[in-house]
Amino acid sequence: MMADEKDPSGVETSTHFKFWIFSQAQIAGKRKDLNDAVKQRLKSYAAKSGKKPKPALTLDEERRLHEYFHNQIFAVCDGFKFPFDIIATAQVFWKRFYLNRSAMDHEPTRMMPAMIYLATKTEEANIKSEHLAKLFHCKIAHIIDQEVPVLEGLNFHLKILHPRRPLQRFCNLVAASPIGKSISTKLRKKAMILIKHSYYTDASLLYPPSQIALCSLILVNRKEKLCRESNLLSTCLSTCPPRGANELVTLKKHIEVIVGTLEKGERIHKAFASKESKGKLQKEANALSSKLRKALNPMNDPTSVEYKKQKEARKRKKAQQKAEKAKKRRAEEREKERLIFGGGDDEGGEFVIKSNLKNFKPRPPPPQPPGAN
């Protein structure tokens, strides 16, 4: 690791590091597989109905649509004035979920309230589901119903490690160094903005939190020119073992890659914040959402006949299982009663209390003590 060789935060042993850090090629491969599966599903449905297959979103269209929804998550969370950790958790949930599920199988507008609500519960924040339901114009039951699909898409991994903590640790080192506390405060404030914008990109799926935090400080310093970059880097890595010349060259190359990702996130944010491009991006998102709805999996679309039939079948199956459990429980209770009180050998036989009064002999009274009348 770049800045956590001793792993004081437990990154290397966490589900975050073990299961949710990928290479660019792995991410691209997973997304392509999902997209290909949707295309195959649409072809299969078309073959059964004898109609022309509906067009699926391309990988680039999915990417642009997800960028729009990341911006929507920011808007919703800012409206509720959520702290950074809730915003970041909701964004990472979105990244992880749609790395395992296609937007054409699970419509983003339906999944967003459930992801934000789950993020608030994960970060132990107090928010009522009624407030989110009112904002998204949906029923509370809808938010609750989508929680299990979200959890399944996340592989039930809810622990998220954010760059905020390693950033604070680096800034404490900078504040205690000759660079000074005032520069450390400036660096931290602007680095937090860069980290927030990084959620438009795949940074959280590519790099550990400490690397994102360190590179955000470097990028801020390059823009503000607050101190020498070599001094900043050596201060932040002062608690790590010394490196050789070749390791430093590799490290600097890796830093440049991550800095490029952070700059990309900043550009995307500026595009959504710009009045000139905001309307254009909104129109594009509306067009992509319309195309997406045509390619939606009917088994996950509450407005489809297939979904309603599937829901009714699940209800019937659940009721049947409940009835079978109740029947089994009643049979077990009858068997216990038969063993305790006695009765016929056949189930449902006449209930009889067995007795043997003819052979009953009362016990003799206890002997009286001497002198008792």
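All figures in this text were calculated on a predicted structure; none of them were measured in a lab.
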Self-check item: Pro108 side chain near Leu292 side chain, heavy-atom distance below 4.5 Å
Solution: yes
Practice problem: Taking only Lys NZ, Arg NE, NH1 and NH2, and the carboxylate oxygens of Asp or Glu, determine whether Lys223 and Glu266 approach each other closer than 4.0 Å. | Solution: yes
Quiz item: Between Glu256 and Arg222, is there a side-chain N and carboxylate O pair less than 4.0 Å apart?
Solution: yes
Exercise. Flag the pair Leu281 / Glu67 as yes when at least one side-chain heavy-atom distance between them is below 4.5 Å, and no otherwise.
Key: no
Self-check item: Side chain proximity check, Phe22 to Leu99, heavy atoms < 4.5 angstrom
Solution: yes
Quiz item: Between Phe74 and Tyr200, does the ring centroid distance fall short of 6.0 Å?
Solution: yes
Quiz item: Where the side chain of Ser290 meets the backbone of Asn286, is there a donor-acceptor pair that is under 3.5 Å apart?
Solution: no
Quiz item: Is a side-chain N or O of Ser184 found less than 3.5 angstrom from the main chain of Cys171, in a donor-acceptor match?
Solution: yes
Quiz item: Any side-chain heavy-atom pair from Ile212 and Leu206 closer than 4.5 angstrom?
Solution: no
Quiz item: Within the side chain of His197, is there an N or O that forms a donor-acceptor pair under 3.5 Å with the backbone of His269?
Solution: no
Quiz item: Is any side-chain N of the basic residue among Asp33 and Lys30 closer than 4.0 Å to the acidic one's carboxylate O?
Solution: no
Quiz item: Within a radius of less than 6.0 Å around CD of Glu324, do more than 12 heavy atoms belonging to other residues, nucleotides or ligands occur?
Solution: yes
Practice problem: Answer yes or no: does atom CZ of Arg165 have more than 12 heavy-atom neighbours from other residues, nucleotides or ligands under 6.0 Å? | Solution: no
Quiz item: Does Asn35 reach the side chain of Met104, with side-chain heavy atoms less than 4.5 Å apart?
Solution: yes
Self-check item: Criterion side-chain contact (heavy atoms from CB on, under 4.5 Å) on Phe136 and His142, from CA distance to verdict
Solution: CA-CA 11 Å; Phe136 284 94; His142 158 72; over 6 Å; no
Quiz prompt | Check: Ser277 side chain, Ala271 main-chain N or O, donor-acceptor pair, under 3.5 Å | solution = yes
Quiz prompt | Carboxylate-amine/guanidinium proximity below 4.0 Å for Asp105 and Arg41 | solution = yes
Practice problem: Over all heavy atoms of both residues, which pair between Tyr117 and Thr120 is shortest? Give the atoms and the distance, please. | Solution: O-OG1, 2.5 Å
Quiz item: Which pair of non-hydrogen atoms, one from Pro55 and one from Ala295, has the smallest distance, and what is that distance?
Solution: O-CB, 3.7 Å
Practice problem: Mind running side-chain contact (heavy atoms from CB on, under 4.5 Å) on Phe82 and Glu123 for me, showing each step along the way? | Solution: CA-CA 11 Å; Phe82 287 149; Glu123 298 299 334; over 6 Å; no
Practice problem: Over all heavy atoms of both residues, which pair between Leu42 and Pro53 is shortest? Give the atoms and the distance, please. | Solution: O-CB, 4.0 Å
Quiz item: Can you find a heavy atom in the side chain of Phe80 that is under 4.5 Å from one in the side chain of Leu135?
Solution: yes
Quiz item: Salt bridge or not for Glu224 and Lys186, using N-O below 4.0 Å?
Solution: no
Quiz item: Are His106 and Phe97 close enough that some pair of their side-chain heavy atoms sits under 4.5 Å apart?
Solution: yes
Exercise. Output, in order, the C-alpha distance, side-chain angles, deciding distance and verdict of side-chain contact (heavy atoms from CB on, under 4.5 Å) for Lys190 and Leu194.
Key: CA-CA 7 Å; Lys190 296 195 174 183; Leu194 285 178; over 6 Å; no
Quiz item: At their closest point, which heavy atom of Ser216 faces which heavy atom of Ala191, and how far apart are they?
Solution: OG-CB, 3.5 Å
Quiz item: Do the rings of His66 and Tyr98 sit parallel, tilted or perpendicular, given the 30° and 60° boundaries?
Solution: tilted
Self-check item: Closest non-hydrogen atom pair, Ser102 against Val38
Solution: OG-CG2, 3.4 Å
Practice problem: Output yes when Arg31 and Asp36 qualify as a salt bridge under the 4.0 Å nitrogen-oxygen rule, no when they do not. | Solution: no
Quiz item: Does CD in Glu130 sit with more than 12 non-hydrogen atoms of other residues, nucleotides or ligands closer than 6.0 Å?
Solution: yes
Practice problem: Start with the C-alpha gap between Leu214 and Leu233, add the side-chain angles, then the distance that decides, and say whether side-chain contact (heavy atoms from CB on, under 4.5 Å) holds. | Solution: CA-CA 8 Å; Leu214 178 61; Leu233 186 59; 4.1 Å; yes
Quiz item: Does atom NZ of Lys95 have more than 12 heavy-atom neighbours from other groups under 6.0 Å away?
Solution: yes
Quiz item: Hey, what's the ring geometry for Tyr68 with Phe272, parallel, tilted or perpendicular (30° and 60° as the breaks)?
Solution: tilted
Self-check item: Closest heavy-atom pair and its distance - Asp85, Thr89
Solution: O-OG1, 2.7 Å
